[in-house]
**Student:** 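Quick one: the structure is below, and I'll ask about it shortly.
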Amino acid sequence: MTHRVYFSLGTNLGDKEHNIHEAIRRMGELIGDVERQSALHTTEPWGFQSENTFVNAAVSCLTQLSPRQVLETTQQIEREMGRTGKSANGEYHDRIIDIDILLYDNLQLDEEDLKIPHPLMHERDFVMKPLMEIWNKKC
């Protein structure tokens, strides 16, 4: 069965545009067809102080993977691209790449390390603006 998954991507270190494009390329190889991709959005850090602005985007993929497999794959891509740790307990840091699962079909999931829909997405313009850009393309 094919599932549609929406993701938020962000980076504020290194060659930011390259980081986003490389993550999307790898997602296409490892998760499934990248169906839609937003424009790149430059934003200020959220939840912490940094001199580095972010580049954010949203993508949707069609996948055969389970939600858990998608999470493991996004974490693998982050590690391979040089991310050493995830933000925890509301403490955020500069990062080479961050890939968050926003939506997976109409699934609702509430596990310790995997919550779908993403619980903070509605509070974050840097997530919602790119997401709305690709969401509206499906009509």
Side-chain angles (χ1 to χ4, degrees):
M1 183 172 197
T2 301
H3 305 279
R4 179 173 285 121
V5 186
Y6 289 88
F7 299 90
S8 175
L9 294 87
T11 176
N12 75 332
L13 294 175
D15 184 339
K16 298 175 224 181
E17 288 187 18
H18 171 78
N19 295 345
I20 295 288
H21 292 302
E22 179 65 11
I24 293 169
R25 183 187 70 75
R26 291 184 185 193
M27 291 169 72
E29 290 176 355
L30 300 173
I31 294 173
D33 291 336
V34 176
E35 180 184 41
R36 287 180 223 111
Q37 177 178 332
S38 74
L40 301 182
H41 296 256
T42 302
T43 62
E44 293 299 317
W46 185 93
F48 75 107
Q49 297 292 319
S50 176
E51 296 178 5
N52 304 313
T53 58
F54 274 81
V55 171
N56 296 97
V59 299
S60 65
C61 290
L62 299 177
T63 189
Q64 303 290 320
L65 302 179
S66 71
R68 174 68 46 195
Q69 290 170 318
V70 171
L71 175 65
E72 291 168 356
T73 304
T74 60
Q75 291 174 340
Q76 172 190 338
I77 293 167
E78 290 174 338
R79 283 190 306 274
E80 289 174 356
M81 289 183 65
R83 181 147 187 202
T84 55
K86 290 291 273 184
S87 302
N89 301 321
E91 291 186 26
Y92 299 97
H93 308 283
D94 291 325
R95 62 208 69 147
I96 191 131
I97 193 67
D98 184 36
I99 306 169
D100 288 334
I101 302 168
L102 302 176
L103 302 162
Y104 182 106
D105 292 337
N106 292 322
L107 182 69
Q108 293 188 0
L109 194 59
D110 189 6
E111 297 176 3
E112 184 175 333
D113 63 338
L114 181 57
K115 298 182 185 326
I116 300 173
H118 190 289
L120 298 176
M121 64 189 243
H122 295 94
E123 298 176 16
R124 300 172 171 177
D125 283 348
F126 66 87
V127 171
M128 295 306 294
K129 286 180 181 177
L131 177 60
M132 290 292 86
E133 189 180 315
I134 62 172
W135 186 268
N136 291 330
K137 287 182 182 176
K138 75 177 190 180
C139 300

**Student:** Side-chain heavy atoms nearer than 4.5 Å, only ILVMFWY residues, links allowed to pass through others: does that put L62 and I77 together?
**Tutor:** no
**Student:** Are F7 and D100 packed together at the side-chain level, in the sense that at least one heavy-atom pair is separated by less than 4.5 angstrom?
**Tutor:** no
**Student:** Considering non-hydrogen atoms only, spot the tightest contact between G32 and C61 and give its length.
**Tutor:** O-SG, 4.1 Å
**Student:** Do T73 and L65 make a side-chain contact, defined as non-hydrogen atoms from C-beta onward lying under 4.5 Å apart?
**Tutor:** yes
**Student:** With a 4.5 Å heavy-atom cut-off, do L103 and H118 have their side chains touching?
**Tutor:** no
**Student:** Side chains of T43 and D125: closer than 4.5 Å at any heavy-atom pair?
**Tutor:** no
**Student:** Would you indicate whether the side-chain heavy atoms of R95 and T11 approach each other to under 4.5 Å?
**Tutor:** no
**Student:** Determine, using the 4.5 Å side-chain heavy-atom cutoff (strictly less than), whether V70 and L30 are members of one ILVMFWY cluster.
**Tutor:** yes
**Student:** Using distance alone, with no hydrogens and no angle criterion, decide if H3 and D105 have a side-chain donor and acceptor under 3.5 Å apart.
**Tutor:** yes
**Student:** Assess the residue pair T53 and K16 against the criterion (side chain to side chain contact (heavy atoms under 4.5 Å, CB included)); give the C-alpha distance rounded to whole Å, side-chain angles, the decisive distance to 0.1 Å, and a yes or no.
**Tutor:** CA-CA 10 Å; T53 58; K16 298 175 224 181; 3.3 Å; yes
**Student:** Salt bridge check: are R26 and E29 linked by an N-O gap of less than 4.0 Å?
**Tutor:** no
**Student:** Does a salt bridge link R68 with D113, judged by any charged N lying under 4.0 Å from a carboxylate O?
**Tutor:** yes
**Student:** Could you check if a side-chain atom of I116 sits within less than 4.5 angstrom of a side-chain atom of P67, using non-hydrogen atoms only?
**Tutor:** yes
**Student:** Give the intermediate values and the outcome of side chain to side chain contact (heavy atoms under 4.5 Å, CB included) for residues N12 and S50.
**Tutor:** CA-CA 9 Å; N12 75 332; S50 176; 3.6 Å; yes
**Student:** Given the rule in the side chain to side chain contact (heavy atoms under 4.5 Å, CB included) test, do V55 and H41 qualify, once you have shown the distances and angles that lead to the verdict?
**Tutor:** CA-CA 5 Å; V55 171; H41 296 256; over 6 Å; no
**Student:** Taking atom types as modelled, is there a side-chain donor on E80 or Q76 under 3.5 Å from an acceptor on the other?
**Tutor:** yes
**Student:** Out of curiosity, S8 OG to F126 CZ, how far, rounded to the nearest 0.5 Å?
**Tutor:** 6.0 Å
**Student:** To the nearest 0.5 angstrom, please state how far the OG1 atom of T74 sits from the CD atom of Q69.
**Tutor:** 12.0 Å
**Student:** Examine distances only and state if a side-chain atom of E78 and a backbone atom of I99 form a donor-acceptor pair shorter than 3.5 Å.
**Tutor:** yes
**Student:** Rounded to the nearest 0.5 Å, how far apart are CD1 of I31 and CD1 of I24?
**Tutor:** 11.0 Å
**Student:** Any side-chain donor-acceptor pair under 3.5 Å between Q64 and T2?
**Tutor:** yes
**Student:** Run the side chain to side chain contact (heavy atoms under 4.5 Å, CB included) test on M128 and L131 for me, step by step, so that the C-alpha distance in whole Å, both residues' side-chain angles and the decisive distance to 0.1 Å come before the verdict.
**Tutor:** CA-CA 5 Å; M128 295 306 294; L131 177 60; 4.2 Å; yes
**Student:** May I ask you to test the R4-Y104 pair for a side-chain heavy-atom distance under 4.5 Å?
**Tutor:** no
**Student:** If every non-hydrogen atom of N52 is compared with every non-hydrogen atom of P45, which pair is closest and at what distance?
**Tutor:** O-CG, 3.4 Å
**Student:** Any non-hydrogen side-chain atom of Y6 less than 4.5 Å from a side-chain atom of I134?
**Tutor:** yes
**Student:** Can you tell me how far apart OG (S66) and CE (M1) are? Round to the nearest 0.5 Å.
**Tutor:** 13.5 Å
**Student:** Hydrophobic cluster membership, with links at side-chain heavy-atom distances under 4.5 Å among I/L/V/M/F/W/Y: are M81 and L13 in one?
**Tutor:** no
**Student:** Is the shortest side-chain N to carboxylate O distance from K115 to E111 below 4.0 Å?
**Tutor:** no
**Student:** Could you pull out the closest heavy-atom pair between S38 and P130, with the gap in Å?
**Tutor:** OG-CB, 3.5 Å
**Student:** As an exercise, state the distance from CD of E17 to CD of E22, rounded to the nearest 0.5 Å.
**Tutor:** 14.0 Å
**Student:** So how far is it from N19 CG to L9 CG, rounded to the nearest 0.5 Å?
**Tutor:** 10.5 Å
**Student:** Could you tell me whether the side chain of E133 and the main chain of A39 form a donor-acceptor pair under 3.5 Å?
**Tutor:** yes
